[in-house]
Protein chains: 2
Amino acid sequence: MECPTSAIPFRIGDKWTAMVVLCLEDGPRRFTELRAALPRVTAKVLTETLRAMERDGFARRTDHGGNPPHVEYALTPLGRSLLALVDAVREWTARHLDEVLAHRAADSAVPRRDTAL
Amino acid sequence: MECPTSAIPFRIGDKWTAMVVLCLEDGPRRFTELRAALPRVTAKVLTETLRAMERDGFARRTDHGGNPPHVEYALTPLGRSLLALVDAVREWTARHLDEVLAHRAADSAVPRRDTAL
DNA sequence: CAGGATCCCCACAGATACTG
DNA sequence: CAGTATCTGTGGGGATCCTG
C-alpha cells in the first residue's frame, strides 16, 4: 500500500487522469507545476496522460512559445464535467475506504492480490 | 471499439467489477447467471473479480452445497453503496460519451493509443 | 455447476538518458 | 522548460483445458 492510488478503487481514464483533473481544477497549470504536484508521475507518463486528455477533449494545451518554452494545460468544459465524478469518488472513498481495508485485513486468509482497489 | 468497456472512461476496482455490481443490483445471482449476463468475461476472470469483491466486502458468496453445486453471490451493503457511483458514471457516459468520441475522431492526427477510456 | 490449473500476451507504466 | 527516445518489467486479463 505504498502508492496511494492503489488504495483507490476507481480509475478515470488512465491511471493518473483523475489526479491531473484535480490539479487543474483551480485553473491552468504549466507542465512543471503539474510535475511538482504529482511527484510520483514521471514526465513521460504525465505527457502521455495529458495527450490522452487532449485527445478526448478533457484538456487543452496552449503553447505560449518563447524560450524557455511556456506551455499551459487547462480543463475544457468537458474536462470540468469530470470534477463532479471525481468528487463523488473521493467522497465514497473518504466514507468507505476504512471499511474496505478492515474487511481486507479480516479476510487475510485470501492471499494478497493487490488489485487496483 | 469492439469491447464496450473500452469506451467507458471509468473503472471501479477490477475491470469488470462495475458490471458485476450492476448484475447483482436486483438480487443474488448464481455463477452461471453472471456468466450468461457477461458473455465477454471468462470464468477465470469472473471468479477473480468475485473473489476480489468478496475480499473487499462488496459481495458475499453463499454456497448452498449439493450436487450439482449451487452458489450464489449477493451484494453487501457496502457493495450496494457502489451503485450510486456506478450510476453517476453511467449518467456521465450517457451524457458525454459521444462528445468524447467526436473529439477523438476530430483529433485523428493523434495516433491511436487505445486507453482505458 | 462452479470452478481450479496453466500458459501466454501486451498495454501500462517506470527508469534513464537526451534535446530544441 | 517541456518535452522525446528507448528499454524494460509486471501483472491484469484472456484462452484453453481439466475436475469434484
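The chains referred to below are lettered A, B, ... by the order of the sequence lines, with proteins before strands, and numbering in each begins at 1.
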*Asks:* Taking only side-chain N and O atoms of B:Tyr73, does any of them lie within less than 4.0 angstrom of OP1 or OP2 on C:dG3?
*Replies:* yes
*Asks:* How many whole angstroms separate atom CG of B:Asp63 from atom P of C:dG4?
*Replies:* 11 Å
*Asks:* Quickly work out the B:Leu46 CG to D:dG12 P distance and round it to whole Å.
*Replies:* 17 Å
*Asks:* In terms of the nearest nucleotide of DNA chain C, which residue is placed more toward the 5' end: A:Val41 or A:Asn67?
*Replies:* A:Val41
*Asks:* Can you check whether B:Arg11 has a side-chain N or O nearer than 4.0 Å to OP1 or OP2 of C:dC12?
*Replies:* no
*Asks:* To the nearest angstrom, how far is B:Leu34 atom CG from C:dA2 atom C1'?
*Replies:* 12 Å
*Asks:* Please confirm whether the backbone N or O of A:Ala106 pairs with a side-chain atom of A:Arg104, one donor and one acceptor, at under 3.5 Å?
*Replies:* no
*Asks:* Any N or O donor-acceptor pair under 3.5 Å from the base of C:dG14 to the side chain of A:Lys44?
*Replies:* yes
*Asks:* Whole angstrom is fine here: how far is it from NZ in B:Lys15 over to C1' in D:dG11?
*Replies:* 14 Å
*Asks:* Under 4.0 Å, heavy atoms only, any strand: does B:Pro68 hit a base, just the sugar-phosphate, or nothing?
*Replies:* sugar-phosphate
*Asks:* Within the structure, does a side-chain N or O atom of A:Arg29 lie under 4.0 Å from either OP1 or OP2 of D:dA2?
*Replies:* no
*Asks:* Students often mix this up, so state it plainly: with edges at 30° and 60°, are the rings of A:Trp92 and A:Phe10 parallel, tilted or perpendicular?
*Replies:* perpendicular
*Asks:* For A:Arg51 and D:dG3, is the shortest distance between a side-chain N/O and OP1 or OP2 below 4.0 Å?
*Replies:* yes
*Asks:* Keeping the roles fixed (side chain from B:Asp14, backbone from B:Trp16), state whether a donor-acceptor pair exists under 3.5 Å.
*Replies:* no
*Asks:* For the side chain of B:Glu99 and the backbone of B:His96, is there at least one donor-acceptor N/O pair under 3.5 Å apart?
*Replies:* no
*Asks:* Would you tell me if any nitrogen or oxygen in the side chain of B:Arg40 comes within less than 4.0 Å of OP1 or OP2 on D:dG13?
*Replies:* no
*Asks:* Send over the distance from A:Glu72 CD to D:dA2 P, rounded to a whole Å.
*Replies:* 9 Å
*Asks:* Which word best sums up how the rings of A:His70 and A:His64 line up, parallel for under 30°, tilted for 30 to 60°, or perpendicular for over 60°?
*Replies:* tilted
*Asks:* DNA chain C: A:Pro69 or B:Thr32, which has the more 5' nearest nucleotide?
*Replies:* B:Thr32
*Asks:* What is the distance from CH2 of B:Trp16 to C1' of D:dG14, rounded to the nearest Å?
*Replies:* 11 Å
*Asks:* What integer distance in Å separates A:Arg35:CZ from D:dC1:P?
*Replies:* 11 Å
*Asks:* Rounded to the nearest angstrom, tell me the gap between atom NE2 in A:His70 and atom C1' in C:dG20.
*Replies:* 18 Å
*Asks:* Starting at the 5' end of DNA chain D and moving along, which residue's nearest nucleotide shows up first, A:Ala43 or B:Ala43?
*Replies:* A:Ala43
*Asks:* Does A:Arg30 put a side-chain nitrogen or oxygen below 4.0 Å from OP1 or OP2 of D:dA2?
*Replies:* yes
*Asks:* Between B:Thr93 and B:Val100, is there a side-chain heavy-atom distance shorter than 4.5 Å?
*Replies:* no
*Asks:* Would you say A:Thr42 places a side-chain N or O within less than 4.0 Å of OP1 or OP2 belonging to C:dA15?
*Replies:* no
*Asks:* Measure from the side chain of A:Val71, starting at C-beta and using heavy atoms only, and say which of C:dA2, D:dA2, D:dG14 lies closest.
*Replies:* D:dA2
